[in-house]
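Just so we're on the same page: letters track the sequence lines, and every chain starts at 1. None of the values given here were measured: they were computed from a predicted structure.
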2 protein chains.
Amino acid sequence: MGASVKQGPEGQGIMDEVGRTGAAQADDAPARAVRIQDVARLAEVSTATVSRALATPERVSVEARARVLEAIARTGYVPNPAARSLRSQKTYMVLVVLPDLSNTFFSKILRGIEETLFEAGYGMIISDLDGSPEKEAHFAAFTAAGRVDGAILLNGHLFGQSRDGKGSAAKLNIPLVALCEAIPDADIPQIEIDNRAAARRMTQHLAQLGHRSIAYVSGPAQNVLERERFRGYRDGLRASALPFDPDLVVSGDYTLESGVRAGEDLLARAKRPTAVFCTSDEMAIGLVRTLSSAGVRVPEDISVAGFDDIEFAAVAQPALTTIHQPRRELGQTAATVLIDLLQGRTTPKRIRLKTDLITRNSVSSPR
Amino acid sequence: MGASVKQGPEGQGIMDEVGRTGAAQADDAPARAVRIQDVARLAEVSTATVSRALATPERVSVEARARVLEAIARTGYVPNPAARSLRSQKTYMVLVVLPDLSNTFFSKILRGIEETLFEAGYGMIISDLDGSPEKEAHFAAFTAAGRVDGAILLNGHLFGQSRDGKGSAAKLNIPLVALCEAIPDADIPQIEIDNRAAARRMTQHLAQLGHRSIAYVSGPAQNVLERERFRGYRDGLRASALPFDPDLVVSGDYTLESGVRAGEDLLARAKRPTAVFCTSDEMAIGLVRTLSSAGVRVPEDISVAGFDDIEFAAVAQPALTTIHQPRRELGQTAATVLIDLLQGRTTPKRIRLKTDLITRNSVSSPR
DNA sequence: CCGCATGATGTAATCGATTACATCCACTTT
DNA sequence: AAAGTGGATGTAATCGATTACATCATGCGG
């Protein structure tokens, strides 16, 4: 494949132009890329036929196609994406927008996305917004400039809409898919888990074990996920005939540190709940740690449940009972839907993947 | 993973399709992108001047430049990357090749890379090799097709060289940078930490606390990092006047599971070491967990040290004493070096970033 | 006052693939 | 036999920005 030694059988100058470069780059071999013309010449057809042989094989005679494929194999031709893109107005690139690339939660999702895109011949560009409006604006422009064919949004809002609901750059004219965090008023496919049902299920699980006082450690107040999970928590209480007690709601923001704070909050109380439902594993881990350091045993004294099932949930001490999100599958699904859109197929407007309740050792019946 | 009892979901459907989205955008305005011509017309200059105003401002009169910028601001013009790329043979895209995107260790590095590339106006394309030679071949072709200007390799080898040392696709003709895992015979800049010095330091640290019997849990045998760290371990022993005992070397592969196995190995021994140096945090966590479950206390009975300082090292019980790798900075540095290369500047051939020894609670003096 | 250097700007070729349109050829239909 | 049909192929316009080269104005030295 790579043995691209020189092959100039015909005497006619294939290279008509003198590739003179101004720069004093005295490198070894410039190794000019194979162009469609070179393939055409070798296969003794026109460039149009080569192009068609690749894009619409059925419109080319069998012999011509064979000769073209042969020539391509011999030369190792790969179409120049810039040229192709310029003409056909497609980039075969997809933008993935997420709030924080270094967050563990996203990496497996990304992998699912990447896999699926790859198989369909698409590349993936990642945009880590990092809470920066400038970055967001840049990527909005980037997208508007036609640099990608579509985008998967993991950040919970459309471009340019971070502050005011009526952002300017909303008219991106390219297919979009929202993943994980639903985007309220956007008319784009949403891929997510059923947060409400999952939270409800965990709450009921705790109630069924006999817990009557179940605390809830929330996510950021405005967050879409948070709202759903909170609803699910209340659903679960209601279904278990338990009263809702606002004092049992501790506010957090999904981070480990906020879990630590929530733990300190609980420790400071005279009357502690027997179970705590944290809406992220990180918070659960931070909370468990704080409780343990204070001599409160988990789950003997207090049961703690998480949400997400990140890698370390299984390794934490005690191993965390939590809600498993099918992260890879979420990514795959979002990518599949986007590709369907890109290729003109119809797609469901909303897909909810199912979650699992994973029971480990951080939850037990109250004493 | 042992303790995970999986429970089936309640009666919710896998796919909950609510409504459908048509593929056709049915848009109001086609919103044809602004071209350089439009800007030129508005600014009453030629397209050449517009182009120059952006690329080489010093070659354009102040007034003309002002008019051009004004026109650009008014129209919201963004150059078409395909066209620019086609003509200038640059893509402003960098490929990042890594073995496993879902591995926690890489995400912060990626973030550092992304940040730096972004600031320099480059985009990032991620290639998760996933151990697949086909994927690797694809990306080699992708790269050869001129789809990216340069690449950062986190996978420890050049394209196409996974098996035989003399890979075919080595002649990529584009700037490359190796990050974290040095690539032995490649003549490209290497960005890494000083694995040997770090391992030595940790070993000496343990010895200074009074440990005489320090076990070593290794990475995969052929791994470059492993070799360096192993050398460092022996350096540390020597510097502390401790003998090297092959029995104290337990083989692992950086995964959590191999840490668990290493733990079982140690538990089975009649005579246990007083300290264990694991060459990854994941292994250390798996090992600690196994020891704890067996009633062996860390650090009272056995001290355990890790390597990497991943997020959960600080949260583990006990919090892990480990070697901190400046991951974000590693990414930033690699990106900076690559950009320097891309822009024709000279770069150091090898950069070693400093590591820190983080002392937490998993290590103490032996009793 | 002429010629030349310098700097600003315009003109048009160019990058490489796609694709609308034209052409050609071998058959079929009337 | 003339006209029509459809499949295969070629020709050349096209996508939008960059940039080599041409042009023009200005200023300076001789």
Side-chain angles (χ1 to χ4, degrees), chain A residues 14-23 30 32-68 71-72 75-92 121 142 144-147 149, chain B residues 30-68 71-72 75-92 121 144-147 149:
Chain A
I14 293 182
M15 300 262 281
D16 40 345
E17 261 283 297
V18 184
R20 185 181 67 78
T21 37
R32 196 140 170 68
V34 184
R35 296 178 339 280
I36 197 171
Q37 280 223 17
D38 306 324
V39 174
R41 197 170 302 131
L42 188 57
E44 296 179 294
V45 295
S46 71
T47 60
T49 301
V50 174
S51 181
R52 282 190 284 249
L54 288 160
T56 52
E58 73 278 6
R59 313 211 35 157
V60 167
S61 69
V62 210
E63 313 87 60
R65 196 187 326 163
R67 287 215 307 283
V68 168
I72 288 177
T75 54
Y77 167 74
V78 179
N80 178 311
R84 175 211 289 263
S85 173
L86 177 59
R87 175 64 222 234
S88 63
Q89 309 286 13
K90 297 192 172 186
T91 63
Y92 286 94
F142 184 92
R147 196 133 184 190
D149 292 344
Chain B
R32 195 145 174 67
V34 184
R35 297 179 336 281
I36 197 172
Q37 281 223 15
D38 305 324
V39 175
R41 196 171 307 129
L42 189 57
E44 296 178 294
V45 296
S46 71
T47 61
T49 301
V50 175
S51 181
R52 283 189 284 250
L54 287 159
T56 52
E58 72 279 7
R59 313 211 35 158
V60 167
S61 68
V62 212
E63 314 87 58
R65 196 187 324 163
R67 288 215 308 282
V68 167
I72 287 177
T75 55
Y77 167 73
V78 179
N80 179 311
R84 172 209 291 261
S85 172
L86 177 59
R87 174 64 223 236
S88 63
Q89 309 286 14
K90 295 189 174 186
T91 63
Y92 287 93
R147 196 133 183 188
D149 292 344

Trainee: Test for a donor-acceptor pair under 3.5 Å between the base of C/dT14 and the side chain of B/R87, counting only N and O atoms.
Mentor: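 It does, because a donor-acceptor pair links the side chain of B/R87 to the base of C/dT14 below 3.5 Å.
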
Trainee: From CZ of B/R35 over to P of D/dT18, roughly how many Å is that when rounded to an integer?
Mentor: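 That distance rounds to 14 Å.
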
Trainee: Got a second to check how far A/S51's OG is from A/R84's CZ, nearest 0.5 Å?
Mentor: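 One finds 8.0 Å between OG of A/S51 and CZ of A/R84.
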
Trainee: So, using side chain to side chain donor-acceptor pair (under 3.5 Å) as the criterion, who are the partners of A/D149 when residues are at least two apart?
Mentor: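 If we apply the side chain to side chain donor-acceptor pair (under 3.5 Å) test to A/D149, skipping adjacent residues, the hits are A/T91.
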
Trainee: Give a yes or no on whether the backbone of B/P57 and the side-chain of B/R65 come within a donor-acceptor separation of less than 3.5 Å.
Mentor: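 Yes.
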
Trainee: Using OP1 and OP2 only, check whether a side-chain N or O of A/Y77 sits under 4.0 Å from C/dG16.
Mentor: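 So the side chain of A/Y77 is outside the cut-off, no N or O lying under 4.0 Å from OP1 or OP2 of C/dG16.
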
Trainee: Distance from A/I36 atom CD1 to A/I72 atom CD1, nearest 0.5 Å?
Mentor: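 The distance works out to 8.0 Å.
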
Trainee: Would you mind reading off the distance between B/Q37 atom CD and C/dA12 atom P, rounded to a whole angstrom?
Mentor: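 From B/Q37 CD to C/dA12 P: 13 Å.
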
Trainee: Between B/R67 and B/A43, is there a donor-acceptor pair closer than 3.5 Å when you use the side chain of the first and the backbone of the second?
Mentor: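 The answer is yes, because a donor-acceptor pair under 3.5 Å joins these two groups.
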
Trainee: Could you work out which one of C/dG16, D/dC15, D/dA17 sits closest to the side chain of B/Q89?
Mentor: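 Within the option list, the nearest is C/dG16.
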
Trainee: Of all the choices, D/dA17, D/dT18, C/dG16, which nucleotide is nearest to the side chain of B/S51 once you look at every atom?
Mentor: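 Closest nucleotide among those given: D/dT18.
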
Trainee: Rounded to whole angstroms, how far apart are CD1 on B/I72 and P on D/dA17?
Mentor: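 The answer, rounded to whole Å, is 10 Å.
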
Trainee: What pairs of nitrogen or oxygen atoms, one from the protein and one from nucleotides 5-10 of chain C, lie under 3.5 Å apart?
Mentor:
unit_1: C/dT9; atom_1: OP1; unit_2: B/S61; atom_2: OG; d: 2.7
unit_1: C/dT9; atom_1: OP2; unit_2: B/S61; atom_2: N; d: 2.9
unit_1: C/dT9; atom_1: OP2; unit_2: B/S61; atom_2: OG; d: 3.2
unit_1: C/dG10; atom_1: OP2; unit_2: B/S46; atom_2: N; d: 2.7
unit_1: C/dG10; atom_1: OP2; unit_2: B/S46; atom_2: OG; d: 2.9
unit_1: C/dG10; atom_1: OP2; unit_2: B/T49; atom_2: OG1; d: 2.7
unit_1: C/dG10; atom_1: N7; unit_2: B/R52; atom_2: NH2; d: 2.9
unit_1: C/dG10; atom_1: O6; unit_2: B/R52; atom_2: NH1; d: 3.2

Trainee: Quick check for you: among C/dA17, C/dG16, D/dT18, whose closest atom lies nearest to any side-chain atom of A/L86?
Mentor: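 The listed nucleotide nearest to A/L86's side chain is C/dG16.
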
Trainee: So, taking the atom named OG1 in A/T47 and the one named CZ in A/R41, what distance separates them when rounded to the nearest 0.5 Å?
Mentor: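 A/T47 OG1 to A/R41 CZ: 10.5 Å, rounded to 0.5 Å.
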
Trainee: Expressed as a whole number of angstroms, how long is the span from B/L54:CG to D/dG16:C1'?
Mentor: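 Interatomic distance, CG of B/L54 to C1' of D/dG16: 14 Å.
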
